[in-house]
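As structure tokens, the structure follows; a few thoughts come after it.
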Amino acid sequence: PPSPSRLFHKDNGRLVAHIVSHYESINRCEQELPEHFNFASDVLDKWSQLEKAGKRPAIAAFWWINDKGDEVKWSFEELGFLSRKAANVLSDPCGLQREDRVIVILPRIPEWWILNVACIRTGIVFIPGTSQLTAKDIFYRLQASKAKCIITNDTLAPAVDSVMPDCQFLKTKLIVSEGSRDGWLNFQELLKVAPADHNCIKTKSRDPMLIYFTSGSTGPPKMVEHSHSSYGIGFTVSGRYWLNLIPSDIFWNTSDTGWVKSAWSSFFSPWSSGSCVFIHNMPQFDPTTVANTLSRYPITTFCTAPTAYCMLVQHGVTSYKFMSLRHCVTGGEPLNPEVMEQWKTQTGLDIYEGYGQTETVTICANVKGMKIKPGSMGKASPPYDVQVVGDQGDILPRGEEGNIAIRIKPTRPFCLFSQYLDNPEKTASTEHGNFYITGDRGIMDEEGYFWFVGRSDDIINSSGYRIGPFEVESALIQHPAVAESAVASSPDPIRGEVVKAFVVLAPDFLSHDPEKLALELQEHVKKVTAPYKYPRKVEFVQELPKTVAGKIQRKVLRNKEWGRA
Ligand code: ATP
Ligand code: MG
């Protein structure tokens, strides 16, 4: 845990601690979940009051920049003011009511945050999507969710219009744009004239607040429904311990607004802690831009994907001075110990890995003050009771590989998704015995640390040996020739299936003899890990298949190997 002095510093500590501690005690099951909860009125507006009373450090609640030199800074009070106006836009000209659904596809622009809070204020269910979606993806999402309204910008409005004739549920289109567009209401114009008074809806803790489509790493994206309390209260513990945040912190998380990590780390966790959400709207992830931003702004806490850390250390950040940076975190994919070590060498900082799913809040995390075991996802995060279980939901002994699972009986944690929308069979299929089965395989060691082995579908069974791709990939990346790799199952007449590595080469090795290099990589893996895991097949590729969230799709590689569609 963070030192008490960091949380309770100054005379305002007691008040600051009040918001955090109250919700933390609910996570620790010391207090009951309240019947009503609304993140806007119960958390954001509380911080606004403290800020007004001079009891929060004088830093922004939201700080946004882009590559053109534009900057936006809001206090909690300004965020409240704008989001109340936006709530009136949604209710009145847009004609939306409590529990109506709205799809919001916007890049990292400030309006995304205003609209998100506005939806919470009005009880409207927010469904984020990434700007990389195509017309077909948008159509799928509109139909599946029966959304009444879509909010997007000039870039994606034509795609929406192209599928509009077939969307029987969609009633209103709202555009975030300087100009006007036929058939669309204009958000900026409406916001200017909207009244500033708005009474926040008194939502029940269990009412729906948010629907996320999963990343689609393993199949078509699923609609994951969360209640107001789930993400609203369930991130208090992560905010305080995993992210180690207090109100004076400035937290930059780089993920796209369409991915769940944005809700986790650019919204609920930092604002639960009263910290500043920092955003740099970059057209794409560029290591130089990221390193410059970390040098120029007083960012104290940083979160990015494991692949992004990989790009940063390959670019090299030794020559930069990250003046204020003191805590780095990651999640969403396994972090190779090699990358962690290099980051530490280059910056002097550890990377605290966390693990979770769209369906959950943080399941496991490394928290400040805890011994980090490189390659491990850390320990269970309250309120979850996390276990490794067999296929019938039986708890396995420590050290044995099995399904990573969360106890749901006798009580389903309030911060677990409510359901896969319109898919009770799929929801039921995740429950075995007393547990919710994550679909990930792992090991819990004697000290309660969790080790990720792989997604259940990605595990390779070669002549009876079960091999997780992560360990092989972690071994491969230690070799200087490997920029990135993915490991998947490939058919073999004798062994049934074998380990195949798809390798993206580092620039310096592109001209090397591929056959020799393949042999060298095989020998390397045999040396650094148990030899039976070495890739019997190696293929050099230009790039790896990834989801829009940037996650490696091993399933695509596997299907290609096995000649499946
Ligand atoms: P879909 O469910 O549609 O296939 P997805 O599972 O990739 O997509 P998310 O909910 O965004 O969608 O991702 C959660 C998954 O990401 C976890 O189940 C796990 O497989 C992986 N993951 C998240 N954090 C970590 C981590 N620290 N280490 C290893 N894997 C992680
Ligand atoms: Mg998943």
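All figures in this text were calculated on a predicted structure; none of them were measured in a lab. Every number for a ligand or one of its atoms is a count from 1 in the order of the listing.
Side-chain contact check for T362 and S238: at least one donor-acceptor pair (N or O, by modelled atom type) lies under 3.5 Å. Donor-acceptor pairing under 3.5 Å is recorded for the side chains of T304 and T254. Checked by atom type, the side-chain pair W113/S266 shows no donor-acceptor distance below 3.5 Å. At a cut-off of 3.5 Å, with distance as the only test, a side-chain donor of E359 or Y420 sits close to an acceptor on the other residue.
The local environment of CD in E497 is crowded, with over 12 non-hydrogen atoms from other residues, nucleotides or ligands closer than 6.0 Å.
For atom 25 (C) of ligand 1, the candidate residues are W264, Y355, W451, F450; the nearest heavy-atom contact is made by Y355. The closest non-hydrogen atom to atom 30 (N) of ligand 1, taken over F417, F452, F213, comes from F452.
Short contacts between ligand 1 and G356, defined as distances under 4.0 Å to a heavy atom of the residue, involve ligand atoms 14 (C), 17 (C), 23 (C), 24 (N). For ligand 1, the atoms sitting less than 4.0 Å from at least one non-hydrogen atom of K551 are 7 (O), 9 (P), 11 (O), 13 (O), 14 (C), 15 (C), 16 (O), numbered in the order shown with element in parentheses. Here is the list of ligand 1 atoms found below 4.0 Å of a heavy atom in T214: 1 (P), 2 (O), 3 (O), 8 (O). Within the listing of ligand 1, atoms 4 (O), 5 (P), 6 (O), 7 (O), 15 (C), 16 (O), 20 (O), 21 (C) sit less than 4.0 angstrom from a heavy atom of R455. Residue E353 approaches ligand 1 through these ligand atoms, each under 4.0 Å from one of its heavy atoms: 26 (C), 27 (N), 28 (N). Listed by number with element, the atoms of ligand 1 under 4.0 angstrom from any heavy atom of K222 are 1 (P), 2 (O), 3 (O). Which parts of ligand 1 touch G332 is read off a 4.0 Å heavy-atom cut-off, strictly below it: atoms 16 (O), 21 (C), 22 (N), 23 (C), 24 (N), 25 (C), 31 (C). Distances below 4.0 Å separate heavy atoms of W259 from the following atoms of ligand 1: 11 (O).
When the side chain to side chain contact (heavy atoms under 4.5 Å, CB included) test is applied to S456, the partners found at least two apart in sequence or on another chain are N403, R441. With sequence neighbours excluded, the residues satisfying side chain to side chain contact (heavy atoms under 4.5 Å, CB included) with R206 are L33, F414.
Contacts between D440 and ligand 1, counted as non-hydrogen atom pairs separated by less than 4.0 Å, involve the side chain only. Both the backbone and the side chain of Q357 come within 4.0 Å of ligand 1, judged by heavy-atom distances.
Checking side-chain atoms of S227 against main-chain N and O of S230 turns up a donor-acceptor pair under 3.5 Å.
In terms of polar-atom proximity, T438 is not counted as a contact of ligand 1, lacking any N or O under 3.5 Å from an N or O of the ligand. Not a single N or O atom of G331, backbone or side chain, sits closer than 3.5 Å to an N or O atom of ligand 1.
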Full working for side-chain contact (heavy atoms from CB on, under 4.5 Å) between W271 and F62: CA-CA 9 Å; W271 280 345; F62 182 78; 4.0 Å; yes
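For the pair E484 and K546, the salt-bridge criterion is met [side-chain N within less than 4.0 Å of a carboxylate O].
Note on ligand 1: G354 sits in its first shell, one or more heavy atoms being nearer than 4.0 Å.
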